Trainee: 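One structure coming up, written as structure tokens, with questions to follow.
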There are 2 protein chains.
Amino acid sequence: MKRSYGQYCALAKALDVVGSRWTLLVVRELLAGPRRFGDLMNGLPGIGTNLLSERLRELQDAGVIEKRVLPPPAGSTVYELTDRGRELGNAALQLTRWGYESLGLPTKDEEFRVNWFIAIGQAAYQRQAAGDLSLTCEMRTSETDVSHFRIEDGKFQIVQGPARDPDLALAGAPRDFIDLFTGRLPPKKAIANGIALNGDLDTLQTVLEIFGLLELSETA
Amino acid sequence: MKRSYGQYCALAKALDVVGSRWTLLVVRELLAGPRRFGDLMNGLPGIGTNLLSERLRELQDAGVIEKRVLPPPAGSTVYELTDRGRELGNAALQLTRWGYESLGLPTKDEEFRVNWFIAIGQAAYQRQAAGDLSLTCEMRTSETDVSHFRIEDGKFQIVQGPARDPDLALAGAPRDFIDLFTGRLPPKKAIANGIALNGDLDTLQTVLEIFGLLELSETA
DNA sequence: CGGAATCCTCTTCGATACTG
DNA sequence: CAGTATCGAAGAGGATTCCG
């Protein structure tokens, strides 16, 4: 049923599992925590219910994710990465880093999600700049599109949903975030122009440094 | 013409380029140096000429590879990675590392190439063990399947084809290599049983340590 | 409503045959 | 040797329906 390259090669074996369309993007979503089927649909615009459920089944068979029913009163079914699945984080990060180089600025018809944007930052993130910093930062573009990231012990963790007690919370339109984080708009101007900030400017400055100035060429 | 995820996401952008079937395996082959069309066919059993030429065109369009005509008397057309293409090395390595965990032992119908085997070693390679070692090692399973790797300044480079002046040269059947490098067969026994060695046992021991003992579970 | 199977169309893949 | 052309098979995308 499932197609294999039939090669005794570690890369080919990895691609046998995560090489088909949408699969690694499903993993990307789950790297930010457990999700329900509908959440995944939301984070994977264009996928179609049949394909998502097929991918989820394949990933379960491969031991990359697990299906779990949350305890009452939630009671909903969620999918989450296994340890094996979490090990894909490094591979995803390297690919993200590579893709970042030719990301460019968003076009009108491209979808945007805060957790993807944070992943761009994670790819650009310079460990040495952060030192032994601990920090939580939330970002949102709408009621439904909220994520945050946490830095602790030099690790950068993306989490879907709002943060409990963030050091910094930012809200704005996708383009506002991009302008702010690429330095196209200085912090004060960005705040005047559309970004809502909860926290102080110093913390924002720290976050901007953590991301490193995103360099997105127009020509990509 | 080409399909895109349409997401403003670095990972999705990367997958727009290298996410389709065979693409990353083409890159894998080229990471070991320039290749002709026929060489690539040989290193990608099962691909079909139409798909290979389509992939090569896509990768050129994406700036990942370049087509070049070798100077006389060779005069043959080769494909090689651009700098941008070489940057995929890290991403490929991480995926290889991940795939290695579930590689297992080869089945009867799986293809084998020496450069894939070396890539397994590269994924398992422990930098610290090597120190400031410099070393070249060639491996072959047949007249046509020969590759070598070079370690220098802590970098591990795979190269298709024979080495000029290797510190060690090994020849044998695929299974012989696996038995030797997983410790299933001690060096002396392996040499008695099918591996031909050119170089001394000490160097072989060093190479085995560089690879780290490959751990391939039967059950994968 | 969340989760998934079904149906239909379109694209991509794989294998072979064929050409410069 | 280096590809293009062709065609049946498999996979993807979208909408709709079904089940709990």
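Throughout, protein chains are lettered first and strands after them, A, B, ... in sequence-line order, and every chain is numbered starting at 1. On a predicted model such as this, the values are computed, not experimentally measured, just so you know. Both backbone and side-chain heavy atoms feed into the values below; hydrogens, waters and symmetry mates do not.
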Trainee: Residues in side chain to side chain donor-acceptor pair (under 3.5 Å) with A:S53, at least two apart?
Mentor: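 Not a single residue meets the side chain to side chain donor-acceptor pair (under 3.5 Å) criterion with A:S53.
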
Trainee: For DNA chain C, what string of dots and brackets results from 5' to 3' when Watson-Crick and G-U pairs need both distances under 3.5 Å, crossing pairs get [ ], and pairs with another strand get |?
Mentor: |.|||||||||||||||||.

Trainee: Report yes or no: is the cationic atom of B:R97 (NZ for Lys, CZ for Arg) closer than 6.0 Å to the six-membered ring centre of B:Y125, at no more than 45° off its axis?
Mentor: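 No, cation not above the ring by the 6.0 Å, 45° rule.
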
Trainee: When you look at A:R28 and B:Q7, which way does the side chain to side chain donor-acceptor pair (under 3.5 Å) test go after all the steps?
Mentor: CA-CA 13 Å; A:R28 169 195 70 188; B:Q7 301 182 353; 2.8 Å; yes

Trainee: What pairs with A:Q122 under side chain to side chain contact (heavy atoms under 4.5 Å, CB included), at least two apart in sequence or on another chain?
Mentor: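 Once residues adjacent in sequence are excluded, the partners of A:Q122 under the side chain to side chain contact (heavy atoms under 4.5 Å, CB included) criterion are A:L93, A:F156, A:I158.
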
Trainee: If you apply the rule side chain to side chain donor-acceptor pair (under 3.5 Å), what do you find for A:D167 with A:T203, and how did you get there?
Mentor: CA-CA 7 Å; A:D167 300 293; A:T203 314; over 6 Å; no

Trainee: Would you mind building the protein contact string for nucleotides 14-20 of chain D? One character per nucleotide, 5' to 3', B for base within reach (heavy atoms under 4.0 Å), S for sugar-phosphate only, - for untouched.
Mentor: B------

Trainee: Contacts to DNA chain D from residues 28-44 of chain B, heavy-atom cutoff under 4.0 Å, which residues?
Mentor: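 Listed by number, they are B:R36, B:F37, B:G38.
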
Trainee: Are B:F149 and B:F211 near enough that their ring centres are under 6.0 Å apart?
Mentor: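 Ring centres of B:F211 and B:F149 closer than 6.0 Å.
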
Trainee: Verify, without hydrogens or angle tests, whether A:N198 (side chain) and A:L170 (backbone) share a donor-acceptor contact under 3.5 angstrom.
Mentor: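 Between the backbone of A:L170 and the side chain of A:N198 there is no qualifying donor-acceptor contact (under 3.5 Å).
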
Trainee: Can you check the A:Y79 OH to C:dG3 P distance for me, whole Å?
Mentor: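 So the OH-P distance, A:Y79 to C:dG3, works out to 6 Å.
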
Trainee: Please determine whether a side-chain nitrogen or oxygen atom of B:R57 lies at a distance below 4.0 Å from atom OP1 or OP2 of D:dG3.
Mentor: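 So the side chain of B:R57 is outside the cut-off, no N or O lying under 4.0 Å from OP1 or OP2 of D:dG3.
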
Trainee: Taking side chain to side chain donor-acceptor pair (under 3.5 Å) as the test, write out the residues that go with A:S134, two or more places apart.
Mentor: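 Partners of A:S134 under the side chain to side chain donor-acceptor pair (under 3.5 Å) test: none.
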
Trainee: If you only use heavy atoms from C-beta on, which nucleotide in C:dA4, D:dA12, D:dA10 is closest to the side chain of A:R3?
Mentor: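 Output: D:dA10.
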
